[in-house]
Amino acid sequence: MSRRGDWVYENNGGTCVAIAGADYCVVAADTRLSVGYNILTRDHSKICELADKCVLASSGFQGDIKALHKNLAARELLYQHQHNKRMSCPAMAQLLSNTLYYKRFFPYYAFNVLGGLDSEGKGCVFTYDAVGSYERTGYSTQGTGSSLIMPVLDNQLKSPSPLLLPAKDAVTPLSESEAVDLVKDVFASATERDIYTGDKLEIVVINKAGMKREYIDLRKD
Amino acid sequence: MVGKNCFAIASDRRLGVQLQTVATDFQRVFKIHDKLYIGLSGLATDVQTLYQRLVFRHKLYQLREERDMKPQTFASLVSALLYEKRFGPYFCQPVIAGLGEDNEPFICTMDCIGAKELAKDFVVSGTASESLYGACESMYKPNMEPEELFETVSQALQASVDRDCLSGWGGYVLVVTPTEIQERVIKGRMD
């Protein structure tokens with residue numbers, strides 16, 4: 001008889017999306033926290049603001065995600081003290097990758113999408129797997145609804161898909177409001193078909209004016 | 001997918017054995033009669049055997065009843081045939097589409113042991129089914145005309161199979177209205 005006293009992870013569900021534009025970045029995630037077929041809360045944020053132009057959205061095991069966000073926020077504060085400026089998004093991207101790989105043999109069960117503005121003010125999105133492999137792309141999605149959303153983003157974003165070769169620098173030519181509308185649409189579709197996605201959608205938009213946060217209701221069933 | 005007095009049924013064209021692609025023109029959508037089509041995804045040998053058995057049963061039905069089978073009846077036939085093999089199933093998920101009485105579109109899907117699932121909008125099956133759910137859910141509108149339906153189905157199919165390594169190598173889309181049948185092969189990413 002095998003005693004399964006050793007399974008230390010669980011999947012709390014949820015979906016995250018990020019889209020990079022010419023001078024903005026949209027990062028969005030739903031706010032449902034589930035365990036198995038139950039909902040623990042309808043109001044749990046998966047988004048963490050790490051720096052003034054850098055936002056991390058993570059789905060997966062919330063225990064590991066809380067620890068990861070805390071770790072990164074602490075490292076960012078140290079950087080601020082040592083360098084007298086906030087961390088840029090590409091720098092944070094590298095730090096996140098290294099932090100994840102540090103636990104290569106007992107990973108953070110976290111599927112991350114990092115979004116923000118790079119040092120030139122252009123939108124950037126970095127997408128990760130659980131052990132830190134990362135890539136800068138024009139858009140990405142992670143989480144339980146990601147396989148439902150990704151093909152729609154490929155189709156709608158009129159920007160070179162990460163699947164094309166040679167790899168092209170890929171921010172979408174869409175405007176900020178068009179991108180936000182697209183995010184609302186894809187989440188509405190994912191909510192219909194994925195049981196772990198729903199309740200509320202939190203959208204963070206980063207542009208040179210700063211960060212704006214918006215909440216949209218999704219289906220609660 | 002259902003449109004206004006019409007339906008579309010589509011599939012990819014790859015036949016593979018895990019990583020190896022064996023054929024790029026494999027037929028998965030089959031005609032039962034002019035207004036009834038079945039698409040079968042899953043194990044290729046079961047796809048072909050099941051199609052042959054269904055055509056056989058339909059031809060017998062045509063001889064006895066002197067008419068074509070209604071889509072709803074056909075769906076029940078497929079369901080019964082699959083459940084006969086409950087403890088040693090056919091590894092196939094069928095997608096059935098037809099025009100019923102008064103040319104009312106009918107679609108349904110089943111799991112591999114015959115659990116029917118009717119839908120009013122669209123049904124999907126196969127290795128890229130999750131991606132297809134997302135794409136169809138976003139792109140579907142009720143009461144689309146045949147040309148728009150063709151565009152929608154093609155875009156949803158292409159976008160979804162491009163994200164699945166086991167599907168692809170082009171697409172095959174069939175749009176059926178009460179008066180005509182249009183079939184088209186779409187060229188997509190051949191990888």
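Everything numeric in this text was worked out from a predicted model, so none of it was measured. Below, read A as the first sequence line, B as the second, and so on, with proteins coming before strands; counting in each chain starts at 1.
- B/R64 CZ: 12 or fewer foreign heavy atoms inside a 6.0 Å radius.
- Surrounding CD of B/E117 are more than 12 heavy atoms belonging to other residues, nucleotides or ligands, all under 6.0 Å away.
- Around the CD atom of B/E180, the shell of radius 6.0 Å holds more than 12 heavy atoms that belong to other residues, nucleotides or ligands.
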**Request:** Begin from the C-alpha positions of A/L148 and B/E137 and carry the test side-chain contact (heavy atoms from CB on, under 4.5 Å) through to its verdict.
**Result:** CA-CA 9 Å; A/L148 285 90; B/E137 194 69 61; over 6 Å; no

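- Between atom OG of residue B/S160 and atom CG of residue A/D154 there is a gap of 9.5 Å, rounded to the nearest 0.5 Å.
- Between B/A135 and A/V152 the shortest heavy-atom distance is CA-CG2, 3.6 Å.
- Counting non-hydrogen atoms of neighbouring residues, nucleotides and ligands closer than 6.0 angstrom, the CZ atom of A/R193 exceeds 12 such neighbours.
- Across A/S189 and B/S138, no two heavy atoms sit closer than the pair OG-OG, 2.9 Å.
- The greatest number of non-hydrogen atom pairs below 4.5 Å with chain A, out of B/Q155, B/M139, B/Q158, is found for B/Q155.
- With values rounded to the nearest 0.5 angstrom, B/D164 atom CG is found 14.0 Å from A/M150 atom CE.
- Proximity to chain B (any heavy atom under 4.5 Å) is restricted, for A/T144, to the backbone atoms N, CA, C and O.
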**Message:** Run the side-chain hydrogen bond (donor to acceptor under 3.5 Å, both in side chains) test on A/S147 and B/E130 for me, step by step, so that the C-alpha distance in whole Å, both residues' side-chain angles and the decisive distance to 0.1 Å come before the verdict.
**Reply:** CA-CA 6 Å; A/S147 54; B/E130 276 202 54; 2.8 Å; yes

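- Residue B/E65 qualifies as enclosed at atom CD: its count of foreign heavy atoms under 6.0 Å is above 12.
- Enclosure of atom CG in B/L19 is not indicated, since only 12 or fewer non-hydrogen atoms of other residues, nucleotides or ligands lie within 6.0 angstrom.
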